[in-house]
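Written below as structure tokens is the structure these notes are about.
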Amino acid sequence: MSSLIQLSIGVTSFAAEDPGSWQPLFDAATVADEAGVDRLVVSDHVVFGERLEEYGRPEIGGQAGGKQPTGPDGHWLEPLTTLSVLAGMTSRIRLGTNILVAFARSPMTVAMTANDLHLMSGGRFILGLGSQIKPHIVRRFSMPWSAPAARMKEYVGALRAIWRSWHEGEPLNYAGE
């Protein structure tokens with residue numbers, strides 16, 4: 001492992017208003033690649049709560065003073081699709097999610113898409129997962145709020161079982177909720 005500090009940057013893949021073009025995103029990615037930045041990440045947001053002010057309340061999982069950069073009618077690019085496009089525009093920079101809301105997608109869909117993105121980018125993809133800490137949002141996915149950490153552990157276990165099945169020839173044998 002390298003002892004050098006690595007540099008990551010996030011690029012904006014969302015807009016409160018229709019940006020008309022995503023060219024600034026493409027330009028930021030290619031400049032970062034050419035400049036020697038190690039990693040480029042994009043955010044994910046698939047659903048908003050009814051009360052956007054709750055993002056600024058730490059007692060319920062928000063961040064003090066925090067707010068969403070867009071409302072429910074904002075434009076958010078799907079991160080795995082966006083990174084696929086950026087992979088084709090860059091040559092060396094690692095590409096990652098910061099973070100992918102795991103519970104919004106089935107493990108099989110994430111496993112397949114992440115695997116393909118990793119292969120097509122020449123091994124440059126890094127999957128960052130999150131469990132979505134706000135109870136009112138988790139409930140929108142028809143999931144109980146009771147154990148997000150246990151759910152995440154199970155989700156990661158399912159991903160690893162799927163990938164082992166594909167890459168090591170093991171039969172896919174995974175049971176969970």
Side-chain angles (χ1 to χ4, degrees), residues 6 8-19 21-26 28-29 32-33 37-58 60-63 66-90 93-121 124-143 145 147-160 162-163:
Q6 293 196 347
S8 296
I9 65 165
V11 291
T12 302
S13 56
F14 53 85
E17 305 289 328
D18 182 356
S21 166
W22 292 99
Q23 191 61 47
L25 168 66
F26 304 150
D33 189 44
V37 172
D38 299 297
R39 183 179 304 112
L40 177 142
V41 295
V42 296
S43 296
D44 185 18
H45 211 300
V46 293
V47 68
F48 289 86
E50 291 89 20
R51 297 174 300 277
L52 294 179
E53 72 280 357
E54 291 184 356
Y55 287 91
R57 296 181 51 206
I60 59 169
Q63 182 177 359
K67 68 176 219 151
Q68 280 298 318
T70 73
D73 56 348
H75 301 265
W76 285 81
L77 297 177
E78 197 284 322
L80 298 175
T81 305
T82 302
L83 291 171
S84 295
V85 171
L86 298 180
M89 302 175 93
T90 59
I93 196 166
R94 301 207 57 195
L95 305 163
T97 53
N98 179 39
I99 56 151
L100 191 75
V101 180
F103 301 147
R105 299 163 178 89
S106 77
M108 183 60 79
T109 300
V110 170
M112 184 180 303
T113 307
N115 184 72
D116 291 352
L117 178 50
H118 189 69
L119 293 173
M120 290 188 293
S121 70
R124 296 185 290 138
F125 178 62
I126 304 164
L127 179 61
L129 294 175
S131 61
Q132 189 53 275
I133 60 169
K134 293 165 186 61
H136 64 281
I137 292 176
V138 171
R139 282 192 288 273
R140 284 198 168 200
F141 295 113
S142 300
M143 295 178 61
W145 170 245
R151 294 258 184 201
M152 179 58 83
K153 183 177 179 181
E154 183 173 333
Y155 194 95
V156 169
L159 289 176
R160 292 194 184 281
I162 294 165
W163 289 326

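Since this is a predicted model, take the numbers as computed values, not measurements.
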Handout entry: R94 CZ to D33 CG distance, which is reported to the nearest 0.5 Å
Key = 13.0 Å

Problem - Validation row: N98, D44 side chains within 4.5 angstrom (heavy atoms) - result: no

Practice task
Using atom types as modelled and distance alone, determine if a side-chain donor or acceptor of Y155 lies under 3.5 Å from a backbone N or O of A102.
Solution key: yes

Fill in the blank from the handout: Separation between CG (D38) and CD1 (I9), nearest 0.5 Å, reads 10.5 Å

Exercise for the section: Evaluate the side-chain proximity of V37 to S8: yes if any heavy-atom separation is below 4.5 Å, no if none is. Expected result: no

Practice task
Would you kindly say whether T81 and S84 are connected by a side-chain donor-acceptor distance under 3.5 Å?
Solution key: no

Handout entry: Separation between CG of L95 and CG of L117, rounded to the nearest 0.5 Å
Key = 7.0 Å

Exercise for the section: Check for a donor-acceptor pair, side chain of H75 on one end and backbone N or O of A15 on the other, with a separation under 3.5 Å. Expected result: no

Practice task
Would you indicate whether M89, at its atom CE, is surrounded by more than 12 heavy atoms from other residues, nucleotides or ligands within a distance under 6.0 Å?
Solution key: yes

Practice task
Using a 4.5 Å cut-off on heavy atoms from C-beta on, say whether the side chain of L25 contacts that of T12.
Solution key: no

Handout entry: S121 side, atom OG; L83 side, atom CG - distance, nearest 0.5 Å
Key = 9.0 Å

Practice task
Measure from the side-chain N and O atoms of W163 to the backbone N and O of A111, and report whether any donor-acceptor pair falls under 3.5 Å.
Solution key: yes

Exercise for the section: Calculate, to the nearest 0.5 Å, the distance between atoms CG and OG belonging to L40 and S13 respectively. Expected result: 9.5 Å

Fill in the blank from the handout: Interatomic distance, CE@M108 vs CG@L159, rounded to 0.5 Å, equals 9.5 Å

Problem - Step-by-step side-chain contact (heavy atoms from CB on, under 4.5 Å) determination, I99 to L129 - result: CA-CA 5 Å; I99 56 151; L129 294 175; 5.9 Å; no

Practice task
Examine the side chains of T90 and R124 and answer whether a donor and an acceptor come within less than 3.5 Å of each other.
Solution key: yes

Problem - Student check: side-chain heavy atoms of T82 and W22 closer than 4.5 Å - result: no

Practice task
Flag the pair S21 / F26 as yes when at least one side-chain heavy-atom distance between them is below 4.5 Å, and no otherwise.
Solution key: no

Practice task
Kindly check if the number of other-residue, nucleotide or ligand heavy atoms within 6.0 Å of CD (Q23) is above 12?
Solution key: yes

Practice task
Evaluate the side-chain proximity of F125 to T97: yes if any heavy-atom separation is below 4.5 Å, no if none is.
Solution key: yes

Handout entry: Pairwise side-chain contact, L77 with V42, heavy-atom cut-off 4.5 Å (strictly under)
Key = no

